[in-house]
Amino acid sequence: MLATQPPGHRANLVKRILVIGGYGGFGARLARRLSDAGHHVLVAGRTIEKARAFSATLVNAEPVVADRRGDLDAVFRDCRPDLVIDAAGPFQPDLGSEAEYHVPLACIRAAIPYLDLADSRAFVTGIVSLDAQAIEAGIAILSGASSVPALSGAVVRHLSGTMDRVTSVDIAISASSRATAGQSVATAILSYAGKPVRLWRGGRWTQNWGWQQLRWIDLPVGAGGELHRRLVALADVPDHDILPAMFPGRPATTFRAGPEFAHQTLVLWALSWLVRWRWLKSLAGLSRWLRMAQSLTVRSGSDCSGMIVAAKGFEGGQAIEGHWTLIARDGDGPEIPTMAAAILAEIILSGDVRPGARHAGGLLSLHQFDALFSRLAIRHETVSRKITPLYARIMGDRFSALPPSVRAIHNVCGDGHATGQATVVRGRNIVARGIAFFMRFPPQGDFPVHVAFSERNGVERWTRDFGGHRFHSVLSKGSRGLTERFGPLRFHFDLPSHGNGLEMRMTGWSLLGIPLPLMLAPQSRAREWDEEGMFHFDVPISFPVIGMIVHYRGWLKAQE
């Protein structure tokens, strides 16, 4: 276990700390923080003039020439630091190869504890490969001591404290336009834009795409608490691997990020398609242009940055959501990525971290950040609420009377999945086949079935996978009961129930919001029921005159 004292809690604990990249964007802030805590800071970098100039602004600091890819053995031998902090990366995606672990390996050879601010997914999660060597050297090697995964992991632990299982975690960070990204951070963002990003969703790994999946978030950035909307997009971070493995229930985890101005996010989103379509290999070469574009908005934006973390899950069978919001004003947002490193540096130097190599995702608690937050224009708050699943909101008291197997399928909160078997029969005439193709219904046959459920703001998305043949629909509460959307088509259903299950009876349909005659609607009387403790379904779909389109039936078991 780690100690819980804040940085600077031991006035006599003065150590020599070498900060690689110590005059850079994050490194300079961290070096100043460590200097203010009374440590002797070795400001290291490739340019002695820059290191010397910045060291002159600190108390008890000295410049050091050090290239994170160069001969560090000689540097460590000459400087004799008590701790090495790499504040210069790696921020860009990499393979976690031994070459990329050049700095921590040098620390292991010199028996010097190591800490970094890396957010490279492969690097941070792969640091455990050095565990045996770190234990033999008797030192701690910690990676990811930054906003992710150290702070984000602490927040999710805080939000999920009473949950029996966590189903989903959504994280978003939006930086002030005045917090322009450094070269390495800009390169990191561009390197995964349009590239595959692996996410844990619906009980299995899925492929998604960097800097896509746009979403608006609301931040209370105004002095009066008014909400400002920010546009964020999918970013690739260690949390996507770490959080599903850390919490019971293996929560689906998504991290998004974005600048203050939506048009900047949209431009990068548009360019990401060129990489996804393989028209371009990568956008990494545009990092200099990205920094120039950001610099043009420095004076026109606000000084507010924000971070949001939402965790959903179950506590004693009740669906709940915890929501944490942080707002940093007065340009203090860029201080946040350095805080976990400052806290962990003190704990490492006090000898309260066992030897070994691991990521920082589960090492800190949220209250350990409070002292640092309180010294700046940073405020955070946590709210929680109970969630009533979609079918329970529509059916009311009748939902609790359903058999457990049926309730389990519809007890959707955040993310979930079910598996089973199904038989599919397809219509044979050409019109029926054309409609089935348009709706992406599965072909005829027997298939293993996987259904992924995702819920946001009470709206559910069901993705059905029949042996690799996927189609999805979006379910929501309408004025006439349940509404199910397939692309531009919306179908409205009543949900009559009986002792053993429920039915879906169509009451109307529309195309692009335009009501269509019910007499021309698809004929479907879907049924769900319990049979020997197992959820069963029977879904026939046909059209007047045309006949049967598809008929699928089978069973599912909800997975926890």
Side-chain angles (χ1 to χ4, degrees), residues 159-160 163-170 199-204 206 213 215 243-244 247-254 310-323 384-420 422 449-465 470-478 481-486 490-493 495 497 501-504 526-530 534-537 539 554-560:
L159 295 176
S160 63
M163 295 182 187
D164 306 316
R165 60 186 175 98
V166 187
T167 58
S168 69
V169 174
D170 284 284
L199 299 182
W200 180 259
R201 288 180 173 175
R204 59 184 181 179
T206 63
Q213 296 193 11
R215 177 173 295 180
L243 297 184
F247 295 97
R250 289 186 65 87
T253 301
T254 308
K312 294 182 179 180
F314 290 90
E315 177 185 351
Q318 171 64 56
I320 59 175
E321 177 185 20
H323 194 277
S384 61
R385 67 184 181 96
K386 295 181 179 179
I387 296 176
T388 302
L390 173 63
Y391 272 61
R393 284 188 285 117
I394 294 173
M395 298 180 66
D397 293 339
R398 292 185 296 120
F399 183 78
S400 59
L402 293 172
S405 66
V406 179
R407 291 201 313 271
I409 292 294
H410 295 294
N411 200 24
V412 179
C413 170
D415 186 88
H417 69 289
T419 57
V449 179
H450 179 279
V451 183
F453 314 106
S454 64
E455 174 268 331
R456 179 171 178 255
N457 296 331
V459 177
E460 299 178 3
R461 179 186 175 98
W462 289 35
T463 301
R464 304 161 181 88
D465 185 332
R470 298 181 180 89
F471 69 102
H472 72 268
S473 62
V474 177
L475 286 69
S476 60
K477 186 178 186 297
L482 178 71
T483 295
E484 185 168 18
R485 176 171 62 83
F486 290 86
R490 282 177 168 79
F491 302 95
H492 309 287
F493 299 94
L495 298 176
S497 59
L502 61 84
E503 296 181 4
M504 296 176 63
R527 297 187 302 119
E528 304 173 357
W529 70 95
D530 176 90
M534 193 76 69
F535 173 88
H536 283 253
F537 60 89
V539 184
W555 59 269
L556 290 171
K557 179 176 176 57
Q559 305 296 316
E560 295 185 357

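When a residue number appears, it is its place in the shown sequence, counting from 1. Only heavy atoms go into these numbers, but all of them, side chains included; no hydrogens, no water, no symmetry mates.
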Nearest heavy-atom neighbours spanning [X] and [Y]:
| X | Y | answer |
| --- | --- | --- |
| Gly478 | Thr483 | CA-OG1, 3.7 Å |
| Ala418 | Ala558 | CB-CA, 3.9 Å |
| Leu556 | Met534 | O-SD, 3.6 Å |
| Thr419 | Trp555 | O-CZ3, 3.8 Å |
| Val166 | Met163 | CG2-SD, 4.0 Å |
| Gln318 | Ile387 | NE2-O, 3.2 Å |

(message) Can you tell me which residue among Asp415, Thr254, Thr463 is in a side chain to side chain donor-acceptor pair (under 3.5 Å) with Arg201?
(response)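 When Asp415, Thr254, Thr463 are each tested with Arg201, the side chain to side chain donor-acceptor pair (under 3.5 Å) holds only for Thr254.
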State whether the side chain of [X] and the backbone N or O of [Y] hold a donor-acceptor pair below 3.5 Å, judged by distance alone.
| X | Y | result |
| --- | --- | --- |
| Thr253 | Pro251 | yes |
| His472 | Ala452 | no |
| Glu455 | Gly414 | yes |
| Thr167 | Cys413 | yes |

Once rounded to the nearest 0.5 Å, what's the spacing between atom [atom1] of [X] and atom [atom2] of [Y]?
| X | Y | atom1 | atom2 | answer |
| --- | --- | --- | --- | --- |
| Phe314 | Arg165 | CZ | CZ | 5.0 Å |
| Ile320 | Arg385 | CD1 | CZ | 11.0 Å |
| Gln559 | Arg250 | CD | CZ | 13.0 Å |
| Leu159 | Phe247 | CG | CZ | 9.0 Å |
| Leu502 | Phe399 | CG | CZ | 9.0 Å |
| Glu321 | Ser384 | CD | OG | 9.5 Å |

(message) Does Ser497 form a side-chain hydrogen bond (donor to acceptor under 3.5 Å, both in side chains) with Arg398? I'd like the steps, not just the answer.
(response) CA-CA 7 Å; Ser497 59; Arg398 292 185 296 120; 2.9 Å; yes
(request) Return the set of residues passing side chain to side chain donor-acceptor pair (under 3.5 Å) with Trp462 (not counting sequence neighbours), or none when no residue passes. (result)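 Per chain and number, Trp462 pairs via side chain to side chain donor-acceptor pair (under 3.5 Å) with Glu460.
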(request) Tell me, please, which residues at least two apart from Thr388 pass side chain to side chain donor-acceptor pair (under 3.5 Å). (result)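 Applying side chain to side chain donor-acceptor pair (under 3.5 Å) to Thr388 gives none.
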(message) Within the 3.5 Å criterion, strictly below it, is a donor on Arg464 or Ser473 matched to an acceptor on the partner's side chain?
(response)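 Present: a donor and an acceptor within the cut-off.
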(request) Apply side chain to side chain contact (heavy atoms under 4.5 Å, CB included) to Arg461 and Ser454, showing your working. (result) CA-CA 5 Å; Arg461 179 186 175 98; Ser454 64; 3.4 Å; yes
(request) On the 0 to 90° scale, with breaks at 30° and 60°, tag the His410-Phe535 ring pair as parallel, tilted or perpendicular. (result)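 Perpendicular: the ring planes of His410 and Phe535 meet at over 60°.
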Is the shortest heavy-atom distance from the side chain of [X] to the side chain of [Y] under 4.5 Å?
| X | Y | answer |
| --- | --- | --- |
| Phe537 | Ile409 | no |
| Pro389 | Val412 | no |
| His536 | Asp530 | no |
| Leu402 | Glu528 | no |

(request) Apply side chain to side chain contact (heavy atoms under 4.5 Å, CB included) to the pair His450 and Arg204, showing each step before the final yes or no. (result) CA-CA 10 Å; His450 179 279; Arg204 59 184 181 179; 3.5 Å; yes
(request) Verify side chain to side chain contact (heavy atoms under 4.5 Å, CB included) between Trp200 and Leu243, making sure each step is shown before the conclusion. (result) CA-CA 10 Å; Trp200 180 259; Leu243 297 184; over 6 Å; no
(message) Leu482 vs Tyr391, test: side chain to side chain contact (heavy atoms under 4.5 Å, CB included). Steps then yes/no.
(response) CA-CA 8 Å; Leu482 178 71; Tyr391 272 61; 3.4 Å; yes
(message) I'd like to know if Arg456 and Asp170 make a salt bridge, using a cut-off of under 4.0 Å between side-chain N and carboxylate O.
(response)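 So Arg456 does not pair with Asp170 through a salt bridge.
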